[in-house]
Amino acid sequence: MQLLDGKYVSEKLKGEIAQQAADYLAASGRKPHLVAVLVGHDGGSETYVASKIKNCENVGFKSTLVRYEDTVTEDELLKKVEELNADADIDGIIVQLPLPKHIDPEKVTERIDYRKDVDGFHPINLGRMQRNLPSFIPATPYGITLMLKEYGIETAGKHCVVVGRSNIVGSPMSILMARNTTPGNCTVTICHSRTPDIKKFTLDADILIVAIGKKNFITADMVKDGVVVIDVGMNRETSTLTKSGFKLYGDVDFEGVAPKSSWITPVPGGVGLMTIIGLLKNTLVSAKKEVYK
């Protein structure tokens with residue numbers, strides 16, 4: 001078993017991004033600019049947004065945080081998105097999910113200018129990705145492909161099983177792994193909560209990508225020897241054993257599955273760190289107008 005080390009890969013790629021950002025600043029006189037919109041005070045969202053802002057600053061980007069209380073109306077939020085769309089100094093816009101129940105996340109996502117949609121959630125970007133056209137790729141799937149590429153994981157002709165069908169991870173991940181690209185060219189099976197006997201499919205996986213949101217869902221008896229395991233799970237539980245007061249668990253039972261794996265991502269220290277890289281690369285590409293002129 002070998003670790004797919006998100007910390008190692010993310011630090012290496014952040015160094016490359018920082019150099020490219022410095023070159024862009026020297027050529028254009030401005031820094032790539034990411035704006036994050038945070039509604040409310042959800043603990044997980046606070047942590048994620050703070051990390052995104054910090055990483056922007058570390059690679060030489062400009063970053064702006066726009067905060068609202070969870071009482072903000074949908075109309076107010078949509079107007080702010082339109083205002084950000086119109087600001088020529090802004091290259092990327094993210095609205096942190098989840099949003100309060102009175103705000104429709106699909107409506108907010110679709111209101112973001114697809115040319116600044118560095119989360120890659122807009123239907124235009126998802127559609128272009130499916131057609132293998134230049135687009136912003138959803139940050140987590142993008143980060144996973146960068147990790148597979150860095151470690152030289154062979155994907156062509158392999159059976160990739162994706163557990164989870166969310167629009168943020170599972171569905172776009174299945175498209176990326178099937179595309180005629182590297183990584184890619186897999187035969188892909190996508191499983192979800194309505195799939196009977198998921199174990200039948202996971203046991204046949206050469207590459208298993210798990211994003212179902214259930215702690216330790218995949219156990220040792222569900223995988224074959226030599227499988228490559230990508231654990232997207234970030235299940236947070238309170239704990240008296242850690243300084244932060246909580247502990248993160250993946251969707252894969254690491255202790256049981258790791259000995260049977262050829263490669264596996266840890267949680268934490270795996271996919272989560274690569275998600276930031278996907279976001280940074282999308283923002284840099286947006287600033288340089290390499291996808292949309």
Asks: Tell me the closest heavy-atom pair linking Ala205 and Val227, and the distance in Å.
Replies: O-CG2, 3.4 Å

Asks: Taking side chain as C-beta onward, heavy atoms only, is Arg194 less than 4.5 Å from Arg165?
Replies: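 Yes; the side chains approach each other to less than 4.5 Å.
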
Asks: Answer yes if the side chains of Thr189 and His159 hold a donor-acceptor pair under 3.5 Å, and no otherwise.
Replies: yes

Asks: For Val169, is there any backbone N or O sitting under 3.5 Å from a side-chain donor or acceptor partner on Ser166?
Replies: yes

Asks: Going by distance alone, is a donor N or O of one side chain under 3.5 Å from an acceptor N or O of the other, for His33 and Thr64?
Replies: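 Their side chains do contain a donor-acceptor pair, which is all the 3.5 Å distance test asks for.
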
Asks: Can you give me the closest heavy-atom contact between Pro105 and Leu97, atom names plus distance?
Replies: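 Nearest pair, atom of Pro105 first, then Leu97: CB-CD2, 4.0 Å.
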
Asks: Just checking, any donor-acceptor pair under 3.5 angstrom between side chains of Asn55 and Lys14?
Replies: yes

Asks: For the residue pair Trp263 and Tyr151, does the interplanar ring angle fall in the parallel (under 30°), tilted (30 to 60°) or perpendicular (over 60°) class?
Replies: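 Geometry flag for Tyr151 against Trp263: tilted rings.
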
Asks: Going through the distances and angles, do Leu248 and Asn235 end up as a side chain to side chain contact (heavy atoms under 4.5 Å, CB included)?
Replies: CA-CA 5 Å; Leu248 292 175; Asn235 304 288; over 6 Å; no

Asks: Any side-chain to backbone donor/acceptor pair from Asn282 onto Phe136? Under 3.5 Å, distance only.
Replies: no

Asks: Kindly confirm or rule out a cation-pi arrangement of Lys247 over Tyr249, judged by NZ or CZ under 6.0 Å from the six-membered ring centre and within 45° of its axis?
Replies: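 Cation-pi check for Lys247 and Tyr249: passes.
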
Asks: Can you tell me how far CD1 of Ile137 sits from NZ of Lys281, rounded to the nearest 0.5 angstrom?
Replies: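 CD1 of Ile137 is found 10.5 Å from NZ of Lys281.
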
Asks: Hey, does Asp119 have a side-chain heavy atom less than 4.5 Å from the side chain of Leu279?
Replies: yes

Asks: Rounded to the nearest 0.5 Å, how far apart are OG1 of Thr155 and CG of Leu176?
Replies: 11.0 Å

Asks: Out of Gln19, Arg30, Lys31, which residue meets the side chain to side chain donor-acceptor pair (under 3.5 Å) rule with Tyr24?
Replies: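 The side chain to side chain donor-acceptor pair (under 3.5 Å) with Tyr24 is passed solely by Arg30 among Gln19, Arg30, Lys31.
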
Asks: Heavy atoms, side chains only, cut-off 4.5 Å: are Pro134 and Arg128 in contact?
Replies: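 The answer is yes; the side chains approach within 4.5 Å.
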
Asks: When rounded to the nearest 0.5 angstrom, what distance separates CG in Asp5 from CE in Met147?
Replies: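 With rounding to 0.5 Å, CG (Asp5) is 7.0 Å from CE (Met147).
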
Asks: Are the side chain of Lys260 and the backbone of Ala220 linked by a donor-acceptor contact shorter than 3.5 Å?
Replies: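 Present.
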
Asks: Of all heavy-atom pairs between Asn180 and Asn132, which one has the smallest distance, and what is that distance?
Replies: O-ND2, 4.0 Å

Asks: Can you check whether Leu146 reaches Val9 side chain to side chain, under 4.5 Å on heavy atoms?
Replies: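 In short, these two side chains do not touch, never coming nearer than 4.5 Å.
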
Asks: Inspect the contact between Lys224 and Asp206 and indicate whether a charged nitrogen and a carboxylate oxygen are less than 4.0 angstrom apart.
Replies: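 Salt bridge: yes.
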
Asks: On a heavy-atom basis, which atom in Ala21 and which in Phe61 lie closest, and how many Å separate them?
Replies: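 That would be CB-CE1, 3.7 Å.
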
Asks: Roughly how far, to the nearest 0.5 Å, is the CD1 atom of Ile212 from the CG atom of Asp231?
Replies: 11.5 Å

Asks: Quick check: are there more than 12 heavy atoms from other residues, nucleotides or ligands sitting under 6.0 Å from CD of Glu255?
Replies: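 No, because the 6.0 Å sphere around CD of Glu255 holds 12 heavy atoms or fewer from other groups.
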
Asks: Measure the shortest side-chain to side-chain distance between Leu65 and Val49 over non-hydrogen atoms and say whether it is less than 4.5 angstrom.
Replies: yes

Asks: Start with the C-alpha gap between Tyr68 and Leu77, add the side-chain angles, then the distance that decides, and say whether side chain to side chain contact (heavy atoms under 4.5 Å, CB included) holds.
Replies: CA-CA 9 Å; Tyr68 286 103; Leu77 186 58; 4.2 Å; yes

Asks: Test Glu46 against Arg67 for salt bridge (Lys or Arg N to Asp or Glu O under 4.0 Å), laying out the working first.
Replies: CA-CA 10 Å; Glu46 293 270 7; Arg67 300 193 69 120; 2.5 Å; yes

Asks: Are the side chains of Met177 and Lys158 in touch, meaning some heavy atoms are under 4.5 Å apart?
Replies: no

Asks: Are Leu273 and Leu284 connected in the hydrophobic side-chain network, where two residues link if heavy atoms are under 4.5 Å apart?
Replies: no

Asks: Does atom CG of Asp197 have more than 12 heavy-atom neighbours from other groups under 6.0 Å away?
Replies: yes

Asks: For Gly92, does its backbone N or O pair with a side-chain atom of Thr283 as donor and acceptor, under 3.5 Å?
Replies: no

Asks: Could you check Lys80 against Glu83 for salt bridge (Lys or Arg N to Asp or Glu O under 4.0 Å), going step by step and ending with a plain yes or no?
Replies: CA-CA 5 Å; Lys80 172 52 74 171; Glu83 179 186 316; 2.9 Å; yes

Asks: Taking Ser51 for the side chain and Thr47 for the main chain, is one N or O donor matched with an acceptor at less than 3.5 Å?
Replies: no

Asks: Please report the closest heavy-atom contact between Pro172 and Pro141, naming both atoms and the distance.
Replies: CG-CG, 4.0 Å

Asks: Any side-chain to backbone donor/acceptor pair from Asn125 onto Phe121? Under 3.5 Å, distance only.
Replies: no

Asks: For the residue pair Tyr114 and Tyr292, categorise the inter-ring angle as parallel (less than 30°), tilted (30 to 60°) or perpendicular (more than 60°).
Replies: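 Taking Tyr292 first and then Tyr114, their aromatic rings stand perpendicular (interplane angle over 60°).
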
Asks: Kindly indicate, with the supporting measurements, whether the criterion side chain to side chain contact (heavy atoms under 4.5 Å, CB included) is fulfilled by Val66 and Val35.
Replies: CA-CA 7 Å; Val66 177; Val35 174; 3.9 Å; yes

Asks: Any salt bridge between Lys215 and Asp251, counting N to O under 4.0 Å?
Replies: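 So Lys215 does not pair with Asp251 through a salt bridge.
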
Asks: For Thr73 and Glu76, which I'm curious about, is there any donor-acceptor pair between the side chains at under 3.5 Å?
Replies: yes

Asks: Does Glu74 use its side chain to pair, donor to acceptor, with the backbone of Asp104 at less than 3.5 Å?
Replies: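 Confirmed, Glu74 side chain pairs with Asp104 backbone.
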
Asks: Would Val291 and Ile93 show up in the same hydrophobic cluster when neighbours are defined by side-chain heavy atoms closer than 4.5 Å?
Replies: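 No; tracing contacts between hydrophobic side chains, which count when under 4.5 Å, never links both residues.
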
Asks: Can you hop from Ile17 to Leu25 via hydrophobic side chains spaced under 4.5 Å?
Replies: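 Ile17 and Leu25: separate clusters.
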
Asks: Is there a continuous path of hydrophobic side-chain contacts, each under 4.5 Å between heavy atoms, that joins Ile168 to Leu280?
Replies: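 Hydrophobic grouping puts Ile168 with Leu280.
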
Asks: Decide whether His122 and Glu110 meet the rule of one side-chain donor and one side-chain acceptor closer than 3.5 Å.
Replies: no

Asks: Verify salt bridge (Lys or Arg N to Asp or Glu O under 4.0 Å) between Asp91 and Lys288, making sure each step is shown before the conclusion.
Replies: CA-CA 9 Å; Asp91 302 301; Lys288 295 165 75 174; over 6 Å; no

Asks: Under 4.5 Å between side-chain heavy atoms, hopping through other hydrophobics if needed: is there a path connecting Phe254 to Val161?
Replies: yes

Asks: Donor-acceptor pair, distance only, cut-off 3.5 Å: does the side chain of Asp113 make one with the backbone of Asn85?
Replies: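 No; judged by distance alone, with no hydrogens or angles, the pair does not exist.
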
Asks: Any chance you could measure Ile144, atom CD1, to Ile207, atom CD1, to the nearest 0.5 Å?
Replies: 11.5 Å

Asks: Could you go step by step and tell me if Ile264 and Ile230 meet the side chain to side chain contact (heavy atoms under 4.5 Å, CB included) rule?
Replies: CA-CA 6 Å; Ile264 188 169; Ile230 308 293; over 6 Å; no

Asks: Write down the atom of Thr219, the atom of Asp221, and the distance for their closest heavy-atom approach.
Replies: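 Smallest heavy-atom distance, with atoms named: OG1-OD1, 2.5 Å.
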
Asks: Please answer whether the main-chain N or O of Asp42 pairs with a side-chain N or O of Ser45 as donor and acceptor at a distance below 3.5 Å.
Replies: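 The answer is no, because no donor-acceptor pair under 3.5 Å joins these two groups.
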
Asks: Are the side chains of Thr140 and Val232 in touch, meaning some heavy atoms are under 4.5 Å apart?
Replies: yes

Asks: Distance-only, no hydrogens or angles: does the Arg115 side chain make a donor-acceptor pair with backbone N or O of Lys289 under 3.5 Å?
Replies: no

Asks: Should Ile190 and Thr195 count as side-chain neighbours, where that means a heavy-atom distance under 4.5 Å?
Replies: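 No, side chains not in contact.
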
Asks: Rounded to the nearest 0.5 Å, what separates atom CE in Met274 from atom OG in Ser10?
Replies: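 Atom-to-atom, Met274:CE and Ser10:OG are 6.5 Å apart.
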
